[in-house]
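Here, residue 1 is the first one in the sequence, and each next residue gets the next number. Please read these numbers as outputs of a predicted model, since none were measured by experiment.
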Amino acid sequence: MAETSRGDWWLAKLGEGTREEFDDVPEIEGRLPAGLSGTLYRNGPGLYERAGFKKWNLLDGDGMIRATSFAGGSVRFRTRFVRTKKFEAEDKAGRFLYPTWTTPAPRRRENIPGYPRLGQAGVTTLAKGGRLYAFDEVGPPYGLDPASLETTGILNPDSDAPARGPSDYKAHTKTDGESGDWVLIGTRGRVKQDLHVLVKDRAGRHKAQVVLPSPRGEAYFHDFFWAGPYAIFLLQPALLSPLPMVLGFRSYTDSLRWTPSAGGLLVVVDTSGKRTPLTLEVPAVWMWHTLNAFVAGDRILADFIGYDAPDHFLGPNAAFRMIMQGRRGLAKAPGMLRRFTIDLGARRAGMETIADGHFEFPMPHPGRVGRKHRYGYVAMGDIAHDWYQTGLARIDVESGARSEFSFGTDFYVGEPIFAPDPAAAADPATTEDRGWILAEVLDGKRGKSFLAVFDAAHLEDGPVAKLKLRTHLPMSFHGWWEGA
């Protein structure tokens with residue numbers, strides 16, 4: 001979709017940060033489910049502007065944790081910035097000092113790799129071992145107190161590993177729905193990368209570590225598949241042109257080139273060590289996020305949201321960039337629900353489309369992560385209108401059937417988070433839709449945000465409750481439900 005003239009497009013609110021930290025009691029419209037008890041943690045960019053300078057891309061803001069706590073029919077909403085080294089240094093200086101994804105630092109020499117790369121800790125969050133983690137894709141994650149949301153400092157997950165872990169952890173991790181194992185991935189090196197996989201058991205103890213050279217230099221990837229015991233990387237053909245970045249002339253994002261003729265590579269890593277790593281060629285496809293993956297005999301079925309091209313992200317007129325100027329940007333390729341079928345014995349992989357449409361932020365029942373699943377919950381939109389999502393859908397990956405709800409074209413709907421019903425049976429295979437879906441929504445007409453609560457089995461009925469906030473919330477990427 002071509003850009004329009006500069007203006008006050010309502011969706012630009014997603015790229016409008018705040019310096020305020022909140023501790024509020026939202027207005028409740030509807031009725032909260034009696035069994036909904038716990039805290040929804042979310043993370044995303046909260047600060048885009050300092051000293052009159054605004055970041056260039058929707059991904060470039062400093063991390064802000066949001067915590068929505070449910071107890072006894074009441075709700076409390078809080079936010080806190082992650083006090084990273086970057087945030088504290090820039091807060092003291094009163095201006096931006098360091099480069100981010102797309103926005104360079106004020107001085108060119110500070111954009112040259114070799115200067116300390118300081119993360120924003122603004123992509124994902126999750127709770128483990130009584131601590132809250134905030135991940136970026138630069139460096140290790142930060143730790144926070146899950147009750148006060150106070151930042152406690154860098155919290156390195158490889159502290160008990162026999163070998164040093166990745167220098168840059170990827171934002172996404174997986175928690176196996178059956179074993180409780182926590183799987184993390186990352187990279188070390190610039191042009192010649194190593195791929196790292198770390199596995200920690202339910203108690204937080206080191207279980208496995210695999211390091212292997214990347215078969216594709218530095219190719220950008222964001223998420224990965226977990227089908228216990230296999231970790232699968234998709235090295236998509238978003239290839240780095242390093243020289244302009246090394247010289248400090250271009251940001252990391254502007255140094256990536258989408259090269260579909262190169263195809264994609266799947267790297268299959270058996271963390272048990274029983275099979276050697278396997279690299280398979282697949283068609284070119286852009287992936288932000290996986291839904292889930294599982295082992296079926298000698299095959300792995302891996303579901304994800306795939307785009308034919310990342311035009312919404314890469315390029316001078318990409319939607320993620322233009323939104324910061326109050327403009328509509330380029331976004332023609334929809335995100336469709338797709339599947340890789342990996343045949344381990346035959347050493348080949350194929351790709352198919354499960355559901356046409358435009359989807360993002362796929363989520364399974366947490367008890368099915370790494371195991372066979374039936375349903376995927378996604379944010380849903382219409383690419384013919386624009387890149388953003390206006391509703392939610394539950395897709396049956398076996399039949400392709402879906403149930404869905406749309407708020408309308410003047411609403412942005414973020415990632416759906418599954419909060420299981422504690423009263424449901426212990427076996428998630430029979431309770432895959434027993435619980436609630438929680439999603440942040442930006443109301444473009446009111447210019448404010450609310451949290452929508454849905455019955456996971458009946459999305460089409462609309463939200464059973466809305467938690468109305470007194471302000472808008474900037475972009476939020478990912479969340480975590482921690483039951484009481």
Taking the side chain from Lys55 and the backbone from Asp62, do they hold a donor-acceptor pair closer than 3.5 Å?
no
Centroid-to-centroid, His312 to Tyr307, below 6.0 Å?
yes
Could you check whether any side-chain N or O of Tyr98 sits under 3.5 Å from a backbone N or O of Gly119, counting only pairs where one atom can act as donor and the other as acceptor?
no
Donor-acceptor contact below 3.5 Å, side chain Gln236 vs main chain Trp286
no
Within the 4.5 Å heavy-atom criterion, are Asp60 and Arg321 side-chain neighbours or not?
no
Using 0.5 Å steps for rounding, measure from the CZ atom of Phe221 to the CG atom of Asp223.
10.0 Å
Do Asp201 side-chain atoms and Asp181 backbone N/O form a donor-acceptor pair below 3.5 Å?
no
Would Tyr375 and His365 count as a close aromatic pair, with their ring centres under 6.0 Å?
no
Non-hydrogen side-chain atoms of Pro99 and Ser251 separated by less than 4.5 Å
no
Donor-acceptor pair, distance only, cut-off 3.5 Å: does the side chain of His196 make one with the backbone of Thr187?
no
Has Lys128 got its NZ or CZ under 6.0 Å from the middle of the six-membered ring of Tyr133, at an angle within 45 degrees of the ring axis?
no
Determine whether the side chains of Tyr220 and Glu137 contain a donor N or O and an acceptor N or O closer than 3.5 Å.
yes
Intermediate values then yes/no, side-chain hydrogen bond (donor to acceptor under 3.5 Å, both in side chains), Asp303 and His373
CA-CA 10 Å; Asp303 296 346; His373 63 284; 2.8 Å; yes
Any donor-acceptor pair under 3.5 Å linking the side chain of Ser406 with the backbone of Gly391?
no
Would you indicate whether the side-chain heavy atoms of Val397 and Leu291 approach each other to under 4.5 Å?
yes
Please check: side-chain N/O of Lys13 versus main-chain N/O of Leu442, any donor-acceptor pairing under 3.5 Å?
no
Do the ring planes of Tyr412 and Tyr388 sit parallel (below 30°), tilted (30 to 60°) or perpendicular (above 60°)?
tilted
Test your reading of the model: is there a side-chain donor-acceptor pair from Thr84 to the backbone of Phe87, 3.5 Å cut-off?
yes
Is the positively charged end of Arg131 above the ring of Tyr41, judged by distance under 6.0 angstrom from the centroid and angle within 45° of the axis?
no
Going by heavy atoms in the side chains, are Pro104 and Trp56 under 4.5 Å from each other?
yes
Measure centre to centre between the rings of Tyr377 and Phe454, then say whether the value is under 6.0 Å.
no
Please work out which of the three classes, parallel, tilted or perpendicular, describes the rings of Phe361 and His478, given edges at 30° and 60°.
perpendicular
Spacing of OG1 belonging to Thr173 relative to CG belonging to Leu198, to within rounding of 0.5 Å:
11.0 Å
Would you call Glu29 and Pro463 a side-chain contact if the rule is heavy atoms closer than 4.5 Å?
no
